[in-house]
Amino acid sequence: MADKIKMTTPIVEMDGDEMTRIIWKMIKDELISPYVDLKTEYYDLGLEYRNETNDQVTTDSANATLKHGVAVKCATITPNAQRMTEYTLKEMWKSPNGTIRAILDGTVFRAPIIVKGIEPLVPRWTKPITIARHAYGDMYKNAEIRVDEGCKAELHITSPDGGCTKLLIHEFKDSGGIVQGVHNTEKSIASFARSCFNFAIDTKQDLWFGMKDTISKTYDHRFKDIFAEIYEAEYADKFAEAEINYYYTLIDDAVARVMRSRGGYIWACKNYDGDVMSDMVASAFGSLGMMTSVLVSPNGAYEFEAAHGTVTAHYYRHRKGEETSTNSVATIFAWTGALRKRGELDNLPELCAFAEKLEKATLSTIEDGVMTGDLFSISTLDNKRKVNTQDFIKEIAARI
Ligand code: NAP
Ligand code: MG
């Protein structure tokens, strides 16, 4: 075999849990290590080791990502009450993705992988739609309360000098009701904007953004203004050079245009819009196993992962010795995303070319009709054949 491709800077490798941890090792052993002299800085984010290190390993892995610039992450368990007993945890550790996102101050971009035979439910969508969700504030960090009839609700802002501004929300004269207080910060909105503009330039795609600024004249309007100010000051020239556009419209108009579009752009969404729309877009494009995700920090660090979780149901079957047919495509593309980005940053064209080759081999496996169960049930190919987790990866290896 020819010499393996050399790397200069390590990729931060964040291992994970359950079925995806098993797939992780198969991908490394069978699809990458035979061709690349893989250099990684390894962090075990599996729940057992997170528990052993009091979750310090998660923080360390995020800081390493800031240092090296590129990470690839396996899906991980976010503990709940049931996991507390299953893994005898010292504490209900926080979601690793939340911890990493907070340290990287990043935005998550989710994009579907498109392949012949898996037709989007919206037939016009021939190119991927990438959703960027602002993952801070609004309803997700709210204060809310039920109020009785006769109460009066006011906004009450105290400044550092003790000054106070009041604004009436509602007088509940003849009925009780509900009140919600939400916020966002200019810093977080600006980070979100920069991550979106950078990623648009990176991937040479237009950027769309929608708010309800006609109704929310201060709150939503501030998002619109911050995006516009940063775009004009820092990105307009770069967009012109890359021949891409930044397009702002009202959120309802954006939704209507998305349905009529061919895809092939990034759709930046407010926190709630992104939560809802990313599930809609993901299901319209097919399987969760075909959805990739990348966290882009405004200072240029990238963390690649699959959008799905650890596929617990399959893992329990695997542990009982039963055969599984778990889709590894999104995890493979997390690796190729990281390898390609590492190659770009370190000027290693062979590494980028390998990432390309592995993606092509993966897609041609499915286009040849060889696929896991999730795709088998929706593929329109005539000659399709369902294979198990291991054989799917072996079929890809045979095509590299
Ligand atoms: P999930 O792991 O995404 O799986 C939900 C279901 O979707 C599976 O049971 C399976 O359906 C299908 N599916 C997802 N990925 C698939 C794949 N690659 N191949 C084939 N089918 C796939 O979500 P979950 O069961 O709600 O969560 C499991 C664990 O993952 C939880 O502990 C959660 O905390 C964690 N999680 C982690 C992340 C992350 O690290 N980014 C994200 C989400 C969830 P069928 O059973 O019908 O085949
Ligand atoms: Mg959602």
Side-chain angles (χ1 to χ4, degrees), residues 13-24 26-27 43-48 50-51 55 57-58 61-62 71-87 89 92-102 104 106 108-113 115 118 133 135 274-275 278-279 282-283 285-295 303-320 322-335 337 362 365-366 370-379 386-393 396:
E13 176 184 351
M14 304 168 171
D15 207 346
D17 289 300
E18 300 194 311
M19 202 59 209
T20 40
R21 188 177 179 101
I22 288 166
I23 287 174
W24 193 259
M26 289 180 185
I27 293 171
Y43 293 87
D44 185 0
L45 266 52
L47 186 50
E48 278 161 21
R50 272 184 277 150
N51 190 54
D55 210 20
V57 64
T58 306
S61 73
V72 58
K73 180 178 170 291
C74 180
T76 46
I77 293 168
T78 297
N80 54 16
Q82 180 241 320
R83 302 293 196 175
M84 292 292 291
T85 43
E86 185 182 354
Y87 285 83
L89 300 180
M92 206 186 283
W93 307 110
K94 285 193 210 147
S95 147
N97 288 57
T99 304
I100 296 166
R101 201 160 56 216
L104 264 56
V108 173
F109 296 82
R110 270 184 162 206
I113 298 156
V115 62
I118 311 295
R133 172 181 173 189
D275 184 351
S278 65
D279 287 336
S283 69
F285 273 107
S287 163
L288 251 183
M290 299 294 279
M291 201 55 137
T292 61
S293 172
V294 52
L295 174 68
E303 182 240 285
F304 295 85
E305 64 178 316
H308 59 77
T310 59
V311 210
T312 311
H314 294 208
Y315 178 63
Y316 289 165
R317 288 207 293 275
H318 168 84
R319 234 180 17 188
K320 280 194 278 177
E322 292 170 24
E323 190 174 89
T324 57
S325 184
T326 314
N327 189 339
S328 47
V329 174
T331 309
I332 293 170
F333 274 64
W335 272 101
T362 305
T365 302
I366 301 168
V370 180
M371 58 196 82
T372 46
D374 57 321
L375 298 185
F376 183 81
S377 63
I378 55 172
S379 169
K386 179 179 160 180
V387 290
N388 66 33
T389 310
Q390 176 85 42
D391 287 348
F392 181 66
I393 288 177
I396 297 170

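Scope of the values below: all heavy atoms of this structure, side chains included, with no hydrogens, waters or symmetry mates. Counting begins at 1 with the first residue of the sequence. Counting starts at 1 for both ligands and their atoms, in listed order. Quick caveat, the model's predicted, so the values are computed rather than measured.
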What's the verdict on side chain to side chain contact (heavy atoms under 4.5 Å, CB included) for His308 and Thr331, showing C-alpha distance, side-chain angles and the deciding distance? CA-CA 9 Å; His308 59 77; Thr331 309; 4.0 Å; yes
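- At least one donor-acceptor pair closer than 3.5 Å links the side chain of Ser287 to the backbone N or O of Gly289.
- Judged as a side chain to side chain donor-acceptor pair (under 3.5 Å), and not counting sequence neighbours, Trp335 has no contacts.
- Comment: Asp391 does not engage Lys386 in a salt bridge, judged by the lack of any side-chain N to carboxylate O separation of less than 4.0 angstrom.
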Within the protein, flag every N or O under 3.5 Å from an N or O of ligand 1, and note the pair and distance.
residue	atom	partner	partner atom	Å
ligand 1	2 (O)	Gly309	N	3.4
ligand 1	2 (O)	Thr310	N	3.2
ligand 1	2 (O)	Val311	N	2.7
ligand 1	3 (O)	Gly309	N	2.8
ligand 1	18 (N)	His308	NE2	3.3
ligand 1	18 (N)	Asn327	O	2.8
ligand 1	19 (N)	Asn327	N	2.9
ligand 1	30 (O)	Thr310	N	3.0
ligand 1	30 (O)	Thr310	OG1	3.2
ligand 1	32 (O)	Arg83	NH2	3.0
ligand 1	34 (O)	Thr78	N	2.9
ligand 1	40 (O)	Lys73	NZ	3.3
ligand 1	40 (O)	Thr76	N	3.0
ligand 1	40 (O)	Thr76	O	3.4
ligand 1	40 (O)	Thr76	OG1	3.4
ligand 1	41 (N)	Glu305	OE1	3.3
ligand 1	48 (O)	His314	NE2	2.8

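- Environment of CD in Glu48: sparse, with no more than 12 heavy atoms of neighbouring residues, nucleotides or ligands closer than 6.0 Å.
- No donor-acceptor contact under 3.5 angstrom links the side chains of Thr99 and Arg50, judged on distance only.
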